[in-house]
Amino acid sequence: MLFQESEENFLLKLPNGNPMPNAEVYYYPAFYAQEEANLLFQQIKEETLWQQDDITLFGKTMKIPRLQAWYGDSDKSYIYSGITLKPQTWTPTLLSMKKKIETITHVNYTSVLINLYRNGEDSMGWHADDEPELGKNANIASISLGAIRKFRFRHKDDHAQKVAIHLENGSLLLMQGATQHYWQHELPKSKKIATARINLTFRKLLHASKP
């Protein structure tokens with residue numbers, strides 16, 4: 001679904017003002033008011049069963065630079081980068097957020113990946129959410145709570161095409177259409193950030209991940 005730009009949202013574009021090719025990325029800077037966003041941050045931080053998994057890169061095993069958790073429908077396990085995440089039961093807080101997002105996207109989300117970036121040293125490297133279980137054109141709804149962090153996109157075939165945006169407390173970023181096929185995204189490290197950020201990416205899994 002291609003949304004129309006309005007006072008509440010805008011379409012992310014290249015630095016030259018042209019639309020991102022092969023992408024549909026919309027940004028709602030004030031999806032949640034600040035007071036509600038701050039409350040959600042505290043609730044999710046306290047309610048979530050956080051874990052810090054191991055990842056192996058270039059033959060070296062290390063802890064991922066963030067805490068994470070996977071919540072959702074009981075039959076929707078998720079595997080990425082060799083990490084298997086089994087779903088925790090939806091909390092009332094997460095179900096309320098899911099319902100609010102679904103009124104905008106008209107998508108029935110089955111799961112949510114929650115990441116806690118404790119400070120600017122925590123990060124997420126370049127990747128695309130293009131696993132087969134997310135379907136042909138994955139619809140990813142990303143909520144940001146807490147510290148404002150830079151978020152970057154780059155085209156898979158032309159790394160010179162880049163887009164950066166600072167994701168604000170209470171904001172919603174929608175990545176839809178062919179975005180995951182043609183673009184990667186990352187949350188880079190920043191020594192200037194001393195406070196925490198929580199990110200929730202709501203997804204619709206067609207089936208559980210297969211090992």
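We count residues from 1, following the sequence as given.
With a 6.0 Å radius and a threshold of 12 heavy atoms from other residues, nucleotides or ligands, Lys76 has its NZ atom above the threshold. Within a 6.0 Å radius of NZ in Lys86, other residues, nucleotides and ligands contribute 12 heavy atoms or fewer.
Put simply, CG on Asn22 and CD on Glu24 are 10.5 Å apart, with the number rounded to the nearest 0.5 Å. Asn108 contributes atom CG, which lies 11.0 Å from atom CG of Asn139 (distance to the nearest 0.5 angstrom). A distance of 8.5 Å separates CE in Met97 from CD in Glu36, rounded to the nearest 0.5 Å. If you take OH on Tyr27 and CG on Asn9, they are separated by 11.5 Å, rounding to the nearest 0.5 Å. To the nearest 0.5 Å, atom CD1 of residue Ile104 and atom OH of residue Tyr26 are 13.0 Å apart. With rounding to the nearest 0.5 Å, the separation of OH in Tyr117 from OG in Ser144 is 9.0 Å.
Ring pair Tyr182/His155 is tilted by interplanar angle, where 30° to 60° counts as tilted.
Because its NZ or CZ atom is both nearer than 6.0 Å to the ring centre of Tyr32 and within 45° of the ring axis, Lys100 counts as a cation-pi partner of that residue.
Contact detail for Gly146 and Asn169: the closest heavy-atom pair is N-OD1, 2.9 Å. When every heavy atom of Trp50 is checked against every heavy atom of Asn115, the shortest pair comes out as CZ3-C, 4.0 Å. For the residue pair Pro87 and Asp73, the shortest heavy atom distance occurs at CG-O, 3.4 Å. Minimum interatomic distance between Tyr109 and Lys204 (heavy atoms only, all atoms of both residues): CD2-N, 4.0 Å. Closest of all the heavy-atom pairs between Thr179 and Ala23 is OG1-CA, 3.5 Å. The shortest heavy-atom contact between Ala37 and Leu145 is O-CD2, 3.8 Å.
Residues Asn137 and Gln176 have side chains not in contact (no heavy-atom distance under 4.5 Å, counting atoms from C-beta outward). Using a 4.5 Å heavy-atom cutoff, the side chains of Leu40 and Gln43 are in contact. Put simply, the side chain of Phe202 does not reach to within 4.5 Å of the side chain of Val107, judged on heavy atoms. Within the 4.5 Å cutoff, the side chain of Leu134 has heavy atoms near those of the Tyr78 side chain. At a threshold of 4.5 Å between non-hydrogen side-chain atoms, the residues His185 and Met124 do not count as touching. Contact annotation: the side chain of Trp183 never approaches that of Val25 to less than 4.5 Å [non-hydrogen atoms, C-beta and beyond]. Contact of the Ile114 side chain with the Leu94 side chain is registered, since non-hydrogen atoms from C-beta on lie closer than 4.5 Å. Taking the side chain as every heavy atom from C-beta outward, Gln180 and Glu131 never approach each other to under 4.5 Å.
A single hydrophobic cluster is seen to contain both Phe41 and Leu49, as judged by linkage of ILVMFWY side chains at heavy-atom distances under 4.5 Å, directly or through other members. Follow the hydrophobic side-chain contacts under 4.5 Å out from Leu200 and you never reach Leu39; the two are in separate clusters. No single ILVMFWY cluster, assembled from side-chain heavy atoms under 4.5 Å apart, contains both Ile198 and Ile148. When the side chains of ILVMFWY residues are joined at heavy-atom separations under 4.5 Å, either directly or via intervening members, Leu187 and Ile193 end up in two distinct hydrophobic clusters. Tracing side-chain contacts under 4.5 Å through hydrophobic residues (I, L, V, M, F, W, Y), one never reaches Leu85 starting from Leu206; they form parts of separate clusters.
Applying the salt bridge (Lys or Arg N to Asp or Glu O under 4.0 Å) test to pairs two or more places apart or on separate chains, those with a residue in residues 142-164 are Asp130-Lys156, Arg152-Glu186. Note on residues 112-128: pairs passing salt bridge (Lys or Arg N to Asp or Glu O under 4.0 Å), not counting sequence neighbours, are Arg118-Asp122.
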Side chain to side chain contact (heavy atoms under 4.5 Å, CB included) between Trp90 and Val112, intermediate numbers included: CA-CA 9 Å; Trp90 288 106; Val112 60; 3.7 Å; yes

Test log, rule side chain to side chain contact (heavy atoms under 4.5 Å, CB included), inputs Val163 and Lys13: CA-CA 7 Å; Val163 179; Lys13 298 178 181 179; over 6 Å; no

Criterion side chain to side chain contact (heavy atoms under 4.5 Å, CB included) on Ile83 and Gln68, from CA distance to verdict: CA-CA 11 Å; Ile83 298 173; Gln68 65 181 9; 3.9 Å; yes

Side chain to side chain contact (heavy atoms under 4.5 Å, CB included) between Gln161 and Leu14, intermediate numbers included: CA-CA 8 Å; Gln161 293 195 70; Leu14 297 172; 3.7 Å; yes

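The salt bridge (Lys or Arg N to Asp or Glu O under 4.0 Å) test applied to Arg203 returns Asp129, not counting sequence neighbours.
The pair Lys63-Asp53 fails the salt-bridge criterion, with no side-chain N (NZ, NE, NH1 or NH2) lying under 4.0 Å from an Asp/Glu carboxylate O.
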